[in-house]
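Accompanying notes for the structure given below.
Throughout, protein chains are lettered first and strands after them, A, B, ... in sequence-line order, and every chain is numbered starting at 1.
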Amino acid sequence: MVVTRFAPSPTGYLHVGGARTALFNWLFTRRMGGRFLLRIEDTDIKRSTPTAIQQVINDLRWLGIEWDEGPEVGGPNGPYLQSRRKDIYDKYIKKLIDEKKAYYCFDTPEELQAMREQAEAEKKALIYRRPKDLPDESDVKKAKAAGRAVTVRFAVPQDKPIIVADVVRGEVTFAAGEMSDFIIQKSDGFPTYHFACVVDDELMGVTHVIRGQEHLMNTPGHQALQQALGFHTPTYAHMSVTISETGGKLSKRERPEALRKIIKANQDIDLEKLAEAGNITIEEVNSFVAGETVPDMPGIDAMAKFLDVRLPEINVIDFFKSGYLPESMVNFLSLLGWNPGDGREIMPLDDLINCFDLSRLTKANSLFDRQKLLAFNTEHIKMMKPALLLQRFKNYLKAVDSPLMSADDRLLEKIIKMNEGARTLAQIEEKTRFAFIANDEVKYDEKAVKKVLLKEDGLAVLQMVRGRLAAMKQLTKEAIENMLRSLAQEKQVGLGKVAQPLRVAICGTTISPPIFDSVQMLGKEKTIARIDITLKKFGTVTQG
RNA sequence: GGCCCCAUCGUCUAGGUAGGACUAGGACACCGGGUUUUCAACCCGGCAACAGGGGUUCGAAUCCCCUUGGGGCUACCA
């Protein structure tokens, strides 16, 4: 049976690169009818946080990726947090030391650094070699007494080349004697990633390791470890990496960096107010702008909100908050470095699962193109069953704390319907929000006012519309449409000439759902009130 | 620097393992037009690529080599 895993290190939100790795493992397992497990690689206790574990779990759940074993669901091979498996790793490390396949080391960081610099100067790679006589327990005692940190290195066999049989790259050969004896146990007693990963994959019965290409260079080391421990070697598939528009691997740093650029480019930003908005000190802001430190993501997000700027989405949650559907994310991500081979692109999950195949993984790195994702999202919004879309929309409204939350399901369904063709849930929300705010909260877009109200006889038309609207008993969609159309006909102008001033009056911009829907949704009283406010604000016209 | 991976339109890719029907296909973006009460959506049309050089072969996007370019790793991070 196929067993795959997703093994994130919990250092923050799940980003799309990680999500893609999780997705490929999950799709493959679902296709093959195997087991998919989630393992938390929190052996770096300084960087890992319980909050981050929860965030990763939430993000995977939002995407619809469910694990058969792991945190919150349990399973026969737990615990699934590496920080709770230390005794297991200790046992195997002891075994290797006893067999002289691993040995203690006492180098200080400075010594290591010096070795690195020397290798650099000689234009060679640093290959750490074991001493002729391996240290024993008494040496460990001595070193500890001398205040030196103790680590354990794996004695990598240097006699023959290591060949990694990779599903996507074929056989990759690593020459004999070029691999450093790498650390498997850190001085804090925790195993390094390499060791924990190899042990857990064996113990958890992992058959296929699907991961990013950045791990390809680690694999010969992992294979050597597997042989030393008498473990199986799983099937490896090293996927292409997702590249960002700015070049290089897609990384979490991009959001803070984008914000830093914006702050630097705008001299007139009040840094003190910015610090307040981000809930950090002015010193922290200065240090951030100087490129020395990076505040936490909530601070970054809060500052971006304060400055009213959009940062590039990197984390799964960013896409959620930008109004993307998990279905579009899954579909789009699955096509980054894979394709079904028959030209299909927009696909429901079932189809994705049915044709997912490791043999169709792409070798070349791919760029994360938000434009295409937008197109996918537009399609998925169109495709989605109304009941589910309503659910997704409500979740979104909650996440962004929208005033639309006050609307009941029937109204929300109507709103979704009147926004057919929307590209994101955010777009639906933004276009409709005007109807859920107080009259005095309407912000008038300067350009819209100039172009629609102040030019020609916009205000005069608005005045006429007001009169007719006031005379109407019931504001049904049909009634509003009849009124506006006949008015346009009388004046011998296009509908736009009468609809646009009204639109700007009620929502402050030229962008809204169809005008008949918009007016009906807002209601007679508010519509007229807003027209009056508008007329007063931008100059009263007597004509009418 | 060392080691490793990769290379088809601006982007994601099909075609490559078994060389010939490839005049290199699709999608997104872009441009032009249409529809339209705004935005979006929608419809029609268009632009656009085998990185360069050498081989092998009757024949190369496809196989080999070199160059160039991109990416990754080079931690007591994972």
Sugar-phosphate only, base, or nothing, as touched by [X] at under 4.0 Å among non-hydrogen atoms:
X        : value
A:Gly337 : sugar-phosphate
A:Lys497 : nothing
A:Arg169 : sugar-phosphate
A:Arg39  : nothing

### Query
Which of parallel (below 30°), tilted (30 to 60°) and perpendicular (above 60°) describes A:Tyr193 and A:His215?
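A:Tyr193 vs A:His215 ring planes: tilted.
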### Query
How are the rings of A:Phe356 and A:Trp338 set to each other: parallel, tilted or perpendicular (split at 30° and 60°)?
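A:Phe356 and A:Trp338: tilted rings.
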### Distance-only donor-acceptor test (3.5 Å): side chain A:Lys431, base B:C39
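Answer is yes: a donor-acceptor pair is held.
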Using purine N1 to pyrimidine N3 plus N6-O4 or O6-N4 for Watson-Crick, or N1-O2 and O6-N3 for G-U wobble, each under 3.5 Å, what pairs with [N]?
N     : result
B:G16 : none
B:G1  : B:U74
B:C30 : B:G46
B:U35 : none
B:U57 : none

### Query
Do A:Thr233 and A:Gln226 meet the criterion of a side-chain donor-acceptor pair at a distance under 3.5 Å?
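There is such a pair (donor and acceptor under 3.5 Å, judged by atom type) between the side chains of A:Thr233 and A:Gln226.
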### Query
B:C5, B:C6, B:G1: which one has an atom nearest the side-chain heavy atoms of A:Lys123?
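Closest nucleotide among those given: B:G1.
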### Query
When you check every protein heavy atom under 4.0 Å of nucleotides 21-29 of chain B, what one-letter string (B, S, -) results, 5' to 3'?
-----BBSS
#### Entry: Annotated protein contacts, base or backbone, on nucleotides 61-78 of chain B with a non-hydrogen cut-off under 4.0 Å, one of B, S, - each
----------BBS-SBBB
### Query
Between A:Glu420 and A:Leu495, who's closer to the 5' end of RNA chain B by nearest nucleotide?
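Looking at the nearest nucleotide for each, A:Leu495 comes out on the 5' side.
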